[in-house]
Protein chains: 2
Amino acid sequence: MVTLKDVAREAGVSPKTVSRVVNDDPAVNTGTREAVAAIIKRMHYVPDHAARMMRMSHSSVVGLMTDVVATTPYSVDIVRGTQAALREQARTMLIASTDGDPEQEQEYWQVFRAHKVAGVVYATMFHRPVDIGTPDFERGIVLANCYSARRSHPSVVPDDEGGGYTQARHLIELGHRRIGIVSLSPVLRATVLRGAGYRTAFAEGGISYDTSLDVPGFIGRPDGGEDLVAYDATLGLLRRPDRPTAIICGNDQIAVQVYAAAATLGLSVPDDLSVMGFDDMTVITRTLRPMLTSVALPYFEIGRIAVEQLARLNRETGGVVTPQTLVPCPLVARQSCRQVA
Amino acid sequence: MVTLKDVAREAGVSPKTVSRVVNDDPAVNTGTREAVAAIIKRMHYVPDHAARMMRMSHSSVVGLMTDVVATTPYSVDIVRGTQAALREQARTMLIASTDGDPEQEQEYWQVFRAHKVAGVVYATMFHRPVDIGTPDFERGIVLANCYSARRSHPSVVPDDEGGGYTQARHLIELGHRRIGIVSLSPVLRATVLRGAGYRTAFAEGGISYDTSLDVPGFIGRPDGGEDLVAYDATLGLLRRPDRPTAIICGNDQIAVQVYAAAATLGLSVPDDLSVMGFDDMTVITRTLRPMLTSVALPYFEIGRIAVEQLARLNRETGGVVTPQTLVPCPLVARQSCRQVA
DNA sequence: TTCATTCTTGACATCGCTGTCACAACCTGA
DNA sequence: TCAGGTTGTGACAGCGATGTCAAGAATGAA
């Protein structure tokens, strides 16, 4: 380990001067600075994080607490977004995934305390309320993809209602009037919010909302134990004499089964049926033929914004923190939706 | 911040004794231990990681260097496996994702050095050779899902050849004799290895390997810029007068298009055509109807084993480190493959 | 030329913890 | 009873960095 002292000796200056060079303290003669910088480079000196952290009593590390990163593959983008934003701030990330186990979570809060992390991004893989019990955790916490029922922490969540609106709106603009919905489990907050979005768009388009066209594509609790029944549900919709000309899906997996059901009945997508996904899982949307039009869950963006909010939270200078940030879900138009007469 | 000294004062003992209690040093009177432990708990004392690390000049943190976590959604399981294994060792994980940018990678090596990480798991999202240039990084490095061309570091990789063998073998056991292959880009190592696996299984089954039945499902470089042409490729195979009764896919996305091509031609899976996927992306395999039989990429396991190897590497007591660990790719049988007469 | 500023630099203490070593108190067996 | 051991505890130093403060050198103003 090359230390500050080693560099100082080599350079013939005091350790403090080397420290100044490392920290870009302007109070160093240009000549000295350059000489020292050269030696630092030559000796491959890297300041010891532990010592620094100890002296300064806080670290440049941010904790990321997640429950089940694996359920929705692309929710990983929250991690990517967080990481990307942190990089810009020259910070790094300590990651903890708890599998939803409260005991593990408690352990990791201790770890974060021990590491004196500068703050924590608390991310969940479903958009849902959480209740954070963190004895004595003094640093800032920002919730990503979840929100505090007690409004105790700022949160960054996808605008599911807007996403639902976007799905319906796009189809209506293409001239569809009979629109089926194959939705996620009704216990999910996303389902409720998007439902509100559909209804707003329907009302704007002068379309009455027909409950019999709104069927669940998943049944059971959405934590691995659920069943995907979208195929049968869609068959039901498509066999009606007044079958819908378009179907809005709760996610892209449902869309896969809608495609299958359409194929079974000899219906062509998008000629006979337009299909609109949600999530924009590229593994699916770009793989299906025709490629699936979908509305993206802005996970990367959510991670990025969460870090931004965290920075504001910590900059105690009255940095303005938004209690809840709604991140829009943009339409990604591909080939599965078509204009109707 | 509650410090050791605070606890000591409160307990009426010396800091060193508190330190002993925290570290489970047996040389503490049971009574003292319990008293101190109670106070630690009451005061919510958590040992300062920085101070500890500084004193002991190494940390309990392991670095995870990844390139592009996002390309294959489930490659995230490497991260999960790593994390799970580290938890058992009471270690934590500093994560860096470089997007494949060498400059970022260099930066993160410095960060890892600064943090005095106990070791590094270097994970890539494609099974491929890597060349690690790490000036002055003294701690252990284990490669996950990649390997060193210069054999300078131990690696943990999926047994792609075995996976290919498993795919072919399963179909042969079901009685298939004409088996089509829609493969990944031929520039991928996985493609080459699995090809060898197919041929071994074919030879064992007394089936001659027909190159005209082996077509690429992707074209272009496999880093986001590639094109999925499996649909057309499959149509080609299925329109042959001597069409294959089964198709082996390079991954599950290809299988999606194989299903689509079969549907287009009015062929039923699995009655007219058996389909075998690879990767076991559950988003796809459990969503397709019939559900897709696939061979799993054991990402979680790879992460876990990498951590294990790292532990051996650091336990300098001649811990035996396997230069290359091949992790088997298990068959996950579902409904897309059927016995033929 | 002299005094007041600025500019550069270094000595020193200190952050929280643990390794080393010393020492007191308590045993054991002869 | 005492030498020799074991047990439990604390004083102290020091890990590598930086904040504080002071002092010497260089500059400018009068």
Side-chain angles (χ1 to χ4, degrees), chain A residues 1-37 39-40 43-61 90 110-118 136 138, chain B residues 1-37 39-40 43-61 90 110-118 136 138:
Chain A
M1 264 292 310
V2 184
T3 75
L4 207 63
K5 227 189 274 183
D6 299 329
V7 177
R9 187 170 31 245
E10 189 74 13
V13 298
S14 78
K16 179 66 212 189
T17 298
V18 180
S19 167
R20 288 195 175 95
V21 172
V22 170
N23 293 286
D24 281 326
D25 185 327
V28 182
N29 181 292
T30 315
T32 318
R33 153 168 290 114
E34 279 167 11
V36 172
I39 293 182
I40 286 177
M43 298 180 79
H44 297 298
Y45 166 70
V46 177
D48 183 289
H49 176 76
R52 210 165 199 174
M53 176 167 145
M54 184 160 140
R55 196 62 178 69
M56 320 220 287
S57 76
H58 74 266
S59 98
S60 61
V61 175
Q110 300 294 359
V111 171
F112 286 171
R113 277 228 292 158
H115 280 264
K116 290 208 185 89
V117 296
D136 334 289
E138 308 93 344
Chain B
M1 264 293 307
V2 184
T3 74
L4 207 63
K5 228 189 271 182
D6 300 328
V7 176
R9 189 169 31 243
E10 189 74 14
V13 297
S14 78
K16 179 66 215 192
T17 298
V18 180
S19 168
R20 287 195 176 98
V21 173
V22 170
N23 292 288
D24 282 325
D25 186 327
V28 183
N29 181 292
T30 315
T32 318
R33 153 168 289 115
E34 280 167 10
V36 172
I39 293 181
I40 285 177
M43 298 180 79
H44 297 299
Y45 167 70
V46 178
D48 184 287
H49 176 77
R52 211 167 197 171
M53 178 168 143
M54 185 162 145
R55 194 60 177 65
M56 320 218 287
S57 78
H58 73 267
S59 101
S60 60
V61 176
Q110 299 295 358
V111 171
F112 286 170
R113 276 228 293 158
H115 280 264
K116 290 207 184 89
V117 296
D136 333 290
E138 307 94 346

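For the numbers below, each heavy atom of this structure counts, side chains included, while hydrogens, waters and symmetry mates do not. Remember, it's a predicted structure, so these values are computed and weren't measured experimentally.
Taking only side-chain atoms of V13(A), from C-beta outward, the nucleotide of dG10(C), dT18(D), dA17(D) with the closest atom is dG10(C). Comparing atom distances between the S14(A) side chain and each of dC17(C), dC21(C), dG10(C) picks out dG10(C) as nearest. Checked against dT9(D), dG10(C), dG19(D), the side chain of T17(B) finds its nearest nucleotide in dT9(D).
Every residue meeting the side-chain hydrogen bond (donor to acceptor under 3.5 Å, both in side chains) condition with T3(A), not counting sequence neighbours, appears here in chain and number order: D6(A). Under the side-chain contact (heavy atoms from CB on, under 4.5 Å) criterion, M54(A) pairs with A50(B), A51(B), M54(B), sequence neighbours left out. Partners of S14(B) by side-chain hydrogen bond (donor to acceptor under 3.5 Å, both in side chains), not counting sequence neighbours, listed by chain and number: T17(B). The salt bridge (charged side-chain N to carboxylate O under 4.0 Å, His left out) test applied to E34(A) returns no partner, not counting sequence neighbours. Partners of V46(A) under the side-chain contact (heavy atoms from CB on, under 4.5 Å) rule, at least two apart in sequence or in another chain, are Q110(B), R113(B), A114(B).
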Between protein and nucleic acid, restricted to nucleotides 26-28 of chain C and to nitrogen or oxygen atoms under 3.5 Å apart, what atom pairs and distances do you find?
none

So which protein N/O to nucleotides 4-7 of chain D N/O distances come out below 3.5 Å?
none

Listing time: all N or O pairs from protein to nucleotides 12-14 of chain C that are below 3.5 Å?
| unit_1 | atom_1 | unit_2 | atom_2 | d |
| --- | --- | --- | --- | --- |
| dT14(C) | O2 | R55(A) | NE | 3.0 |

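At a non-hydrogen distance threshold of 4.0 Å, T3(B), L4(B) from residues 1-11 of chain B come into contact with DNA chain C. Contacts between residues 29-36 of chain A and DNA chain D, defined by a heavy-atom separation below 4.0 Å, involve no residue at all.
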In residues 23-31 of chain A, what donor-acceptor pairs under 3.5 Å come from side-chain atoms, sequence neighbours left out?
| unit_1 | atom_1 | unit_2 | atom_2 | d |
| --- | --- | --- | --- | --- |
| N23(A) | OD1 | R52(A) | NH2 | 2.8 |
| N23(A) | ND2 | S19(A) | O | 2.8 |
| D25(A) | OD1 | A27(A) | N | 2.8 |
| N29(A) | OD1 | G31(A) | N | 2.7 |

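At the heavy-atom level, V28(A) lies under 4.0 Å from the strands shown only through sugar-phosphate atoms.
Taking each heavy atom of V22(A) and P47(A) in turn, the nearest pair found is CG1-CG, 3.8 Å.
If one axis is set at each end of the helix from dT1(C)-dA30(D) to dA30(C)-dT1(D) from five pairs, those axes are 40° apart, to 10°.
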